[in-house]
Amino acid sequence: MNLITTILLITAALSLLLAIVSFWLPQMNPDAEKLSPYECGFDPLGSARLPFSLRFFLVAILFLLFDLEIALLLPLPWGNQLFYPTHTLFWAAAILILLTLGLIYEWIQGGLEWAE
């Protein structure tokens with residue numbers, strides 16, 4: 001047997017074993033709360049169009065923005081191996097400075113104040 005066949009057999013056997021255990025192991029005790037379409041405990045009697053807090057939206061956008069910043073700066077170590085690493089460092093510094101200025105602006109405007 002070669003290595004690929006062995007790996008495929010082990011993977012298939014492990015998958016089959018895990019599938020059998022997942023159907024055999026859990027205990028099914030359904031009650032009224034579990035069978036309801038809303039498991040969170042809220043009764044679906046009110047309007048679904050409740051006002052949404054803008055602060056939650058702002059925090060989510062800031063999180064996505066800084067998460068994107070990490071993704072943009074991730075190839076920075078490989079950029080140092082180029083012919084002109086100063087260009088890479090310049091653009092990375094420009095991204096960081098722009099995001100820092102935006103964060104300072106939000107802070108000064110009071111957008112990060114959770115409770116007033």
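Quick caveat, the model's predicted, so the values are computed rather than measured. When a residue number appears, it is its place in the shown sequence, counting from 1.
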Report the residues that fulfil side-chain contact (heavy atoms from CB on, under 4.5 Å) with L18, sequence neighbours left out, ordered by chain and then residue number.
-> L14

Which pairs would a plain distance check flag for residues 81-91, meaning a side-chain donor or acceptor within less than 3.5 Å of a matching protein atom at least two apart in sequence or in another chain?
{"unit_1": "T88", "atom_1": "OG1", "unit_2": "G79", "atom_2": "O", "d": "3.4"}

Find the distance between CD (Q109) and CD1 (I104) and round it off to the nearest 0.5 Å.
-> 13.0 Å

What ring-ring contact (aromatic ring centres under 6.0 Å, His included) pairs are there with at least one residue in residues 59-79, not counting sequence neighbours?
-> none

Residues which pass side-chain contact (heavy atoms from CB on, under 4.5 Å) with I97, listed by chain and number, not counting sequence neighbours = L101

From T100 OG1 over to E69 CD, what is the distance, rounded to the nearest 0.5 angstrom?
-> 7.5 Å

Does the pair N2 and T6 meet the rule for a side chain to side chain contact (heavy atoms under 4.5 Å, CB included), with working shown?
-> CA-CA 6 Å; N2 60 11; T6 305; 5.7 Å; no

Only counting residues at least two apart or in another chain, list the ones meeting side-chain contact (heavy atoms from CB on, under 4.5 Å) with L65.
-> L99

Rounding to 0.5 Å, atoms OG (S22) and CG (L17) come to a distance of 9.5 Å

Residues at least two apart in sequence or cross-chain that pass side-chain contact (heavy atoms from CB on, under 4.5 Å) with L72, listed by chain then number, are L68, I95

